Structures are given as structure tokens and as C-alpha cells.
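Contents: one structure, followed by commentary.
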Protein chains: 4
Amino acid sequence: MPKGIPLTNEDRELRRSEIAHAAADLIFEKGFTETSVNQIAKAAGIGKSTLYDFFSNKDEIILYLMEKFLIEVTSRAKAIIAGEGSVIERLRRVMQMHLEFLLRNKAFILKLTLETQRLSIENQKIYQVKRYAYQDLLIELIEQGIADGSFRQIDSGMLMKTLLAAMSPVVYTSRPVGTPQEMLDKTLNLILEGAKTSDS
Amino acid sequence: MPKGIPLTNEDRELRRSEIAHAAADLIFEKGFTETSVNQIAKAAGIGKSTLYDFFSNKDEIILYLMEKFLIEVTSRAKAIIAGEGSVIERLRRVMQMHLEFLLRNKAFILKLTLETQRLSIENQKIYQVKRYAYQDLLIELIEQGIADGSFRQIDSGMLMKTLLAAMSPVVYTSRPVGTPQEMLDKTLNLILEGAKTSDS
Amino acid sequence: MPKGIPLTNEDRELRRSEIAHAAADLIFEKGFTETSVNQIAKAAGIGKSTLYDFFSNKDEIILYLMEKFLIEVTSRAKAIIAGEGSVIERLRRVMQMHLEFLLRNKAFILKLTLETQRLSIENQKIYQVKRYAYQDLLIELIEQGIADGSFRQIDSGMLMKTLLAAMSPVVYTSRPVGTPQEMLDKTLNLILEGAKTSDS
Amino acid sequence: MPKGIPLTNEDRELRRSEIAHAAADLIFEKGFTETSVNQIAKAAGIGKSTLYDFFSNKDEIILYLMEKFLIEVTSRAKAIIAGEGSVIERLRRVMQMHLEFLLRNKAFILKLTLETQRLSIENQKIYQVKRYAYQDLLIELIEQGIADGSFRQIDSGMLMKTLLAAMSPVVYTSRPVGTPQEMLDKTLNLILEGAKTSDS
DNA sequence: AATGAATGAGTCTTCATTCAT
DNA sequence: GATGAATGAAGACTCATTCAT
């Protein structure tokens, strides 16, 4: 609104965030391709081309959201992992946090992952690197668990993949068997039980 | 190819299958929305409008593929479930068959499931019913396992969901930890172990 | 159906007529552009390309129908005009015959006239010449009427045009004020009354 | 033309009018179905999609034109009917105004009426209501004329229909018998004469 | 002689992006 | 800094016409 006064970096970041989150709601409901730039601008309460002052194209909005998501999740996971408790407890807490994050962000992140395919190869790589950072945190934790005997000799990468993949039905199912929280508990009981040492 | 002679139902079905599988390749690579009817026709080696002689619209191609997939998978699952072996063995065999099917069909089925969101509500329902039929087969088998003491008192629906969701990283990961077969084995060891009775 | 036996000219004409009349029904309901060659062929109970053995393109079907219509109407008008009765009586009889013809042919002729615009200039000319032949018959009769004192000194061309134009609401109106027959009578009473000599 | 500034309602209306009239020329020459949106846009000197900023689809262009035409003609007719002069004089003046309007609007309105059939049923109804409003004005005037003895006991609806239908050859004939003005005069002399009381 | 499978040109419509104000 | 008017490229789909059988 104020004309001629340059935005501070902080302001700029705030606006980007506002716009992106307005977009997130729409993308969650209809998918990325089905959401038009016009609709995003309207939902954000700005003009169509103002949007282009903050994001140089539509893809960047997705990229921004995925990045924010991963940075946040990764930093929270770090805090949990560095904290107290047994490996299994901490792994549960990480998945718990992950679930809450998905629910709070309207679970649209999983859709985003799908939309990722539409991005240019370069943009996909950028996103991949950040995803790996998060995944590697989990792997590290799992390997701690193997080292300290909480888990048997399993493939840490595969457990990580299975845990993350298992979040999907918790959030997306059309035939829920309980609240998301209950479903997460059941899922973790199942998978983590299978990863335990037989006598633990 | 023959010009004035009506296609037999068999021929027709064959052509539908050919076209659909040409489409499948493209959809697998780029997603449904990003694949144009023109490109599908070109890939199938036919004219755009010939395609419309076999499918009355774009959605029908997806629907056809999903239907074929589910009919086949469901019928094979039935045969396995009705066969010999312990519940856990049969469950493993079903997942094995499922994996092979995914791999043989270029694994694009999982993507299709996601693309489902773009279909009309009615078409989504049609597909949902068939998916449930398959899922219910698995649930039944799992409940047999609970009844005969192979599994502990777990939520059969949640185990089914977790198993199916866990197929995803086996087929899709960009950081594989082995062949798909090895990844499947590791995954099943993990999950089925967690579902066993503690003393089995 | 019989293969290899050439059609006689008569047979050929019969088939043309059958096809054209099947087309007429569809064109009347939906308009020329909105009626597809496929539908016409189906309605005529023949294959799409058989149709092309009898008409070299879609336009020719229209041309054929208009020609038949005008030939028939013109010949009947000739008979009436050459017959007994006062000029006004004969004019009434011609319009009566014209109405019946329109009604019998489902009035689609008026629509045809509209479709005429879509024809090539040459085809339009061909049709125009035949229309003029019919119109000229009416003009002749009207001029007889002026000569024998039935009509006052009016413009015969304009009366002919007005009479023909006035058939339109009789057949097409969405707010009829009686049966077509009654509407024709009222219309003719109006126009022919206005054309009479003041003391006749 | 100005780029980032919202159009005033006035400007918007002006542009709609410009576009619609560019369309009118083409539709008059070739018919509605045969005129493509592309051609209309080109004729209006704008891009194809700019057109869609002013009309949400092709049908709306026709609807707009018909509405404008009927609103204008109806309001002028009202003024004439409320004015001075005998009923017959006023009826003449209305038809005169109608003719001028048709000529000024390139006479394409009559064609539009025929194109009406292609519109959706709902849109046809909308147009019908407005046409009836105009027709009813004429009927009222004619009934005044019957009441005050200017006309004999004729069907007012039929006279209205005949008058309007008789405009068609005045504007459309390929064999004119004078200027449109002269043809109108002849036509009205004919029809109104026929409607008069025998001794007036 | 009769058919319908095959096709490419063309239809309306949408949308990410630019740019003058 | 902010806007929305303008656009061209592209998409799904239709149809008159041809041609091998």
C-alpha cells in the first residue's frame, strides 16, 4: 500500500509467507494445477502482478512452501533428537511432531510432494536435498537405536522410509479407523514393535 | 487398421489396452494433467480423434487403467488368499504379487491413485468402491490371522493401510536401499514382525 | 445391400430421397450445423460413407431438399393458377397449399432458408433461381388480379413478398393465436383485404 | 487500453458494445455458428482472451446484442405510442422506427432471432420475455385502434405478427422493389389498409 | 456396392505471465 | 510499489471427409 517506500527484508519475508499460505489453502483443496494465480492473488488480497513482485513464477510458491515446511520440521526434529528419552521415545515424538505439522498445515504437504513432479529438474533437486537432510536426521536416530540395542539389526533407511510413508494413510484415508492421533499410535505401535529387539 | 470392417469386441479391447498403456507411460513420466490427449494419441501412433473412438474422454483412460489394475490385483489376491500356507505367508505372497504388478505396470498406479483427485466426484466414487473391495480382502485375511493367533490384537484396517502405504517407497524412492524385492522383504519383515504375537 | 449390381437411376433417386428426408427431420429439430453426417447416416439406416455415394457432401443434402421443395410447390402452384376461380380465390388456394406443404414438411423449409447462407455463393445462386421461378408465378397471378380489377394498383412484387413473409409467424410462432389454418385465414383476410379495390 | 487501472463501468460497457458490434458484422455475414471467437476478437482488434474478460462465453455476445436491441426498440416504441396522432399514424411511426433501427444495426437482428435457436433453453427464455414485452406494446396499440374504430374487429395478435414478419422482406430481399423506405410504405399501405374499418 | 475406422483442421475456453499506468 | 488489462500458447474435444477392405 505505501507507495515509494522500499520494503525491508523482514516485511518482504512476511508478505511472501502470507501469500504462500493463502496459496497453500487453495492448493490443498484443489491441487496446484487447478489453482490459478488469479485465485491465489485474490485469496491473498493483492493484485495479480503484485504477486509477481514476491514470487517470480507460480512454481516458486510451491518451492517456498516446501522449503519452509522442511526447514521447520527439520529444526524441530533436531531439537527432539538432541533431547531426553530413549531412542524409541524420541522417534515417537518426532513422528508425533510430524503428524501435528501435517495436520496443522492442512496436510497439503503430501500433495505438494505429488506436485513436485511438475517442477523443473533443477527445482526438484533443490527440494530433494532438503528432504534428504530431514530423512538423514531420522536415520541417525534409528542408528543410535540399533547401536544401543533398542532396535534389532534392521535397515535404518528402510525403517525411515516406512515410517514416513505410513504417515500418509493417517492423514489421507477415506476410511479412518479413529482420530489421526489414534491412527498414528496404532501405526507406530505396529512398526516400532517390529523393529524392536525380540527381547526388549 | 482394417478400414470398413467393424471392430470385434476383442479387437476393440485390444486397442483400448494399447492406447491406455501408451498413455500410462506418459502419465507416469509427467502426470495426468500435464499429459495432453494429443501426446497420448501420438504415442499410441493414432490420430487424436481415433482415440476418442475408444475412450469418450480423457478421464476414461485413467478409469480404464485403474479398473484393469484393480480387477487383476483383486482376482490374484483372492486366489492367493484361498490357497495354502499360514496367514503370514499368504499375506507376504499378496504383497509380493502386488509389488510385481506395480513394477510390471511401470509403477504408475500409485501415481494414478493420486491423480484420482482430479476426476469428477462420481468417477472417484466408482474407483473407491473397487479399491475398497481389494482392501477388504486384505482385512479379511488379517482378521483370520488374528483369529488363529498369528497376529496379536491389532487394528486390521490400520495394518492393511500401513502395508499398502509402505509399498510406495519400495517403488518410488530416489534413494533405494536395494532392489525392490529386497526393499519389500525388509519392509514386510518390519511390519509383519510388529504385528505378530509376542511369542510366535 | 445387393453387391455388384449397379443401381438404376430410379433406385438411386429413391435412395437420395430417403436419405434427404431422414436428414430433414434432424435438421428441423436441431439445425443444419448441429446435425452431424453421422447422425444423418444412422437415421437413414446406412453407413456414413454410403451417404457419400449419394451426396458428394453435406451441403448437397440441403440443396437437394430445397430443390425438391421448390419444384413441387411450383408445380402445384402452376396447377392452381391454371385452374378455375377468381384471382383472389386462387391466391388463397396457393397460400393454403403452401401452408400445407410447410406443415407437412415439418416447416423445416424456413430453417433451410436460413441455412442457405452457409452454402457457397454458386449454390446460393442455383437455389435463388428456383425460388424466383415460384415467386414469379405468384407475381403473375397478382398482376392478373390488378388487370381484372380484383386488386387496386399495388406493387405486385411487394404483395408477393408480404404474403410469403407472413407465412412465417403462422408456422413458427411461440404464441399461437389459433390453429395454423385459422392463423392463415386471419393473415390472408388482412393482407388480401388491403389489396382489394376499395369497392370490391 | 490503460493497463493497471480498473475499468470504470462506463468504459466496460463501451468496450462490450464495441466488441459486440464487431461481432455483429461478422455474424450478419456468416451466421453465429460459422463465426469463430477468434475472428470476432481479431475484428475487434483485441486478443482472444481479452474478449473473455468482457463476455464470459460466446452466447453472451448474442444475448447482449439482442437485449440492447430490444431495450432500445421497446423504449422508443413506448415514447411513440404515448405520443400524439391517430392509432394508425402511431403504428406507422413505430414500424418506421423499427425499420430504421434494423437498417442502422445492419439488419442483423432478424438473423439473430433465427440464431436464437442455438442458445440454451434458459437463454432462449430470457430473450423471449423481452420480445414479448415489445410485441405486447404493439398489441396494446392495435387494440386501442380497434376500440376507437380505426381498425375493424381483427385479431390484434395476428396483425402484430404479420407486421413484424413483413419487415423481413423489406430488409432482406435479394430483389428489392425500391428503397427500404418505399418498400416499408408499400407494405404498411397493404396491411394497414386491410385492417381498417371498411368505411374509414 | 457398402462400410466404419481413421484423421487433421478447427472449436471454444483457460491461464501464467507481462507491462503501461 | 501496486495494479489489473491484455495476450498467446495450449488444452480437450468435434466433425466432415477419405479410403482400405
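Computed from a predicted structure; not experimentally measured. Convention: sequence-line order gives letters A, B, ...; per-chain numbering from 1.
Per the geometry, CG belonging to A:N57 stands 9 Å off P belonging to E:dT18, to the nearest Å. Rounded to whole Å, the distance from CG on B:L51 to C1' on E:dG8 is 14 Å. When the P atom of F:dA16 is taken as reference, atom OH of C:Y52 falls 7 Å away, rounded to whole Å. Whole-Å rounding puts the C:F55 CZ to F:dT17 C1' distance at 16 Å. Put simply, CD1 on C:I19 is 14 Å from P on E:dA1, counting in whole angstrom units. Nucleotide E:dT11 holds its P atom 12 Å from the CG atom of D:L26, rounded to whole Å. The distance from atom CG of C:D59 to atom P of F:dA16 is 11 Å, rounded to the nearest whole Å. Put simply, CG on B:L14 is 15 Å from P on E:dA5, counting in whole angstrom units.
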>> Working note: C:T50 + C:R15, criterion side chain to side chain contact (heavy atoms under 4.5 Å, CB included); need CA distance, chi angles, decisive distance, verdict.
In response: CA-CA 11 Å; C:T50 305; C:R15 298 290 303 276; 4.2 Å; yes
> Could you go step by step and tell me if B:F54 and B:I61 meet the side chain to side chain contact (heavy atoms under 4.5 Å, CB included) rule?
Replying inline: CA-CA 9 Å; B:F54 293 92; B:I61 301 177; over 6 Å; no
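For B:Q39 and C:N38, each mapped to the nucleotide of DNA chain F holding its nearest heavy atom, the one lying further toward the 5' end belongs to B:Q39. Two residues, A:S56 and C:D53, neighbour DNA chain E, and the one matched to the more 5' nucleotide by heavy-atom proximity is C:D53. Each of D:T35 and B:T50 lies near DNA chain E, and the nucleotide nearest B:T50 is the one positioned closer to the 5' end.
Taking 4.0 angstrom as the limit, D:K58 places a side-chain polar atom (N or O) nearer than this to OP1 or OP2 of E:dC12. For E:dG8, neither phosphate oxygen OP1 nor OP2 lies less than 4.0 angstrom from any side-chain nitrogen or oxygen of B:S49. Proximity of C:R12 to the phosphate of E:dA1: no side-chain N or O atom is located under 4.0 Å from OP1 or OP2.
Side chains of B:Q128 and B:R131 form a contact here, defined as non-hydrogen atoms less than 4.5 Å apart. The shortest distance between side-chain heavy atoms of A:L63 and A:F55 does not fall below 4.5 Å.
Among the atoms of the strands shown, only primed sugar atoms or phosphate atoms (P, OP1, OP2) are found under 4.0 Å from some heavy atom of D:F54.
A donor-acceptor contact shorter than 3.5 Å is absent between the side chain of D:K130 and the backbone of D:M66.
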>> In dot-bracket form, 5' to 3', how is DNA chain F paired? Count Watson-Crick and G-U wobble pairs only if both distances fall under 3.5 Å, and write | where the partner sits on another strand.
In response: .||||||||||||||||||||
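In the interface, the side chain of D:K48 is not paired with the base of F:dT7 through any donor and acceptor atom under 3.5 Å apart.
With sequence neighbours excluded, the residues forming a side-chain contact (heavy atoms from CB on, under 4.5 Å) with B:S56 are B:E60, listed by chain and number.
Scanning all heavy atoms of the two residues, the minimum distance from D:A24 to D:L65 falls at CB-CD1, 4.2 Å.
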